[in-house]
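First the proteins, then the strands, lettered A, B, ... as listed; each starts at 1.
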Amino acid sequence: MNDAPALLFDGVSFAYGGDPVLEDVSFSVPQGEYLVCMGPNGGGKTTLLKLMLGLIAPDSGSVSVLGAPAGDARGVGYVPQDAGRNRGFPVSVLDVVLMGRLHMPASGGAPGGSRLGRDDRSRAEEALGAMGLAHRRDDLMGSLSQGQRQRVLIARALAAEPSLLLLDEPAASIDREAGEVLDERLAALKGRITIVEVSHGLSAVSSRATAVACVNRRVYYHDKGEIVPEMLSLAYGTCPVELVAHGLPHRVLAPHRHDGNCDREDGGAA
Amino acid sequence: MIEALQYDFMRNALLAALLASALCGILGTLVVVKRYVILAGGIAHAAYGGVGLSLFLGLPPEAGTFAFTGLVSLLMAWIAKRSPGRSDSVIGVLWAAGMAVGVICTDLAPRSGADLMSYLFGSILTVTRQDLLLMGGLLAVCLAVCATRYREILCFAFDEDFARVRGVPTSFYHYALVVVLSLSVVLAIRVVGLILVIALLTIPPSIAERFSRSLSGMMVLSTLLGVAFSLSGLQLAYTFNLTAGAAIILVAASAYMLVTVFPRRRS
């Protein structure tokens, strides 16, 4: 692998039909980080992820991924949000994970995937095992719970042996217990590859982040796995009492949080 | 039924029903899982615009209909791609406008001939050899593409964004599916009619989806169901002297209702 940063945003702006979503975004993520992107709905988190994937192109500025222009980069694994839209789709768990093996340069399979290469099946099973679902490989995707489906989608991305993994709100729409299993599996990946996780809640930060980005039209990058109140007020534009009151683990707040000027700061914490 | 097979037209009708079932089984599977049903309906209805326009301009009906339907379906495909959430209303407009163009052109045409009933229900008993060859050719192309690029197509059907990230040419598949769909629809309309095309594209795959464990299995099961519905419908039509297309559709629709009443069972 080269020494290029995993991600490099340089003066990136993007607008949907005249409405600016991201403005003048510049930051760089070294390889090996676990970056959690947080921010309000509509703040541009998903847009940021789509720019990294090359699914959309910036209006100005540039995005480079693993040293290549976004979209051309090899070694990017993508985990979309499972909205349950495909519940009735007739496909087995293993066949979903095998989608991650499409167009692998060294797999030896046929280009369009009519024939699997030598390694394809074992790599897919390995990835499924890493997500704790090896025993469900022959089951139908639709028979799994939401949390299990989300882990299958992570296994699918891992099957491509990525050096950068991009996750879009993996914990959204799954229950607490499934969320804990997911937290555990994701924390186990920390440090092995670069990971960018778009996350709604704050538990991702506490359990695994090595860097945090607050996304709200602009991006505030903080190279430690902690949240400082300035970031929250910058990102959300309000006092973070609401977030704190909903079970934010105490330790994710940096010690200097009392320097913030939110007078109700400790309202519901601890 | 066996005695009916001594007639050429009955043998051709049977072959046409088999070919249409297979084409619609494969394409309909993709139409159903990709939620393209409204797009397929739009293509099938807009095709009538092509029928009327060819009549009005004095073009050969096959070529005129292919060209018109192909263009309208590409336009629909482009709209569906640009604004996935908002495309159904625009497709609805094109759907209606295409039919209206067909009717007006037929009104204005120097000689009449396009019979709306035969467009709606087809004329399976007067299938030509050329129709059969064209359908067979198209089916061969579909089978070859599905066999050689199965996993790409599966990934495209299941999760288009992920497929794009993995380097699958998703735009190509999107437009190719729509073009092949419009070719099949035009061919099948001449044989089995507009309504049966939509029925064969949607009913067998919708039933098959409940009982299949893979996309390819769903294609095979859809084809078998299409064949079963066609054969029993044709038998009914022959025995009771009914319109063949309508008889086939009623059999299929009854099966669909029966299956939706019973709980999903597959594992």
Let me know if Val96(A) has heavy atoms under 4.5 Å from chain B in its side chain, its backbone, both or neither.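 Contact with chain B is through the side chain of Val96(A) alone.
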
Taking the ring centre of each residue, are Phe14(A) and Tyr16(A) less than 6.0 Å apart?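 Under 6.0 Å, so yes.
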
Let's go through Asp161(B) and Arg164(B) carefully: what are the C-alpha distance in whole Å and the side-chain angles of both, what is the deciding distance for salt bridge (Lys or Arg N to Asp or Glu O under 4.0 Å) to 0.1 Å, and is it a yes or a no? CA-CA 5 Å; Asp161(B) 275 350; Arg164(B) 243 179 95 187; 5.0 Å; no

Chain A contact via Ala163(B) - which portion, at a heavy-atom distance below 4.5 Å: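 No part of it gets close to chain A.
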
Contact origin within Val32(B) toward chain A - heavy atom pairs under 4.5 Å: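 Contact with chain A involves no heavy atom of Val32(B) at all.
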
Parallel, tilted or perpendicular: which describes the rings of Phe89(A) and Phe158(B), with under 30° parallel and over 60° perpendicular?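 Rings of Phe89(A) and Phe158(B): perpendicular, as their planes differ by over 60°.
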
What is the ring orientation for Tyr173(B) with Phe156(B), classed by angle as parallel under 30°, tilted 30 to 60°, or perpendicular over 60°?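 Taking Phe156(B) first and then Tyr173(B), their aromatic rings sit tilted (interplane angle of 30° to 60°).
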
So which of Asp159(B), Val168(B), Leu215(B) has the biggest tally of heavy-atom pairs under 4.5 Å with chain A?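 Option with the greatest count: Asp159(B).
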
Top contributor to chain B contacts, counting heavy-atom pairs under 4.5 Å, from Leu53(A), Asp95(A), Val76(A), Asp138(A):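 It is Asp95(A).
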
In terms of side-chain heavy atoms, does His174(B) have a donor or acceptor partner in Glu160(B) at a distance below 3.5 Å?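 Result is no, nothing qualifies.
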
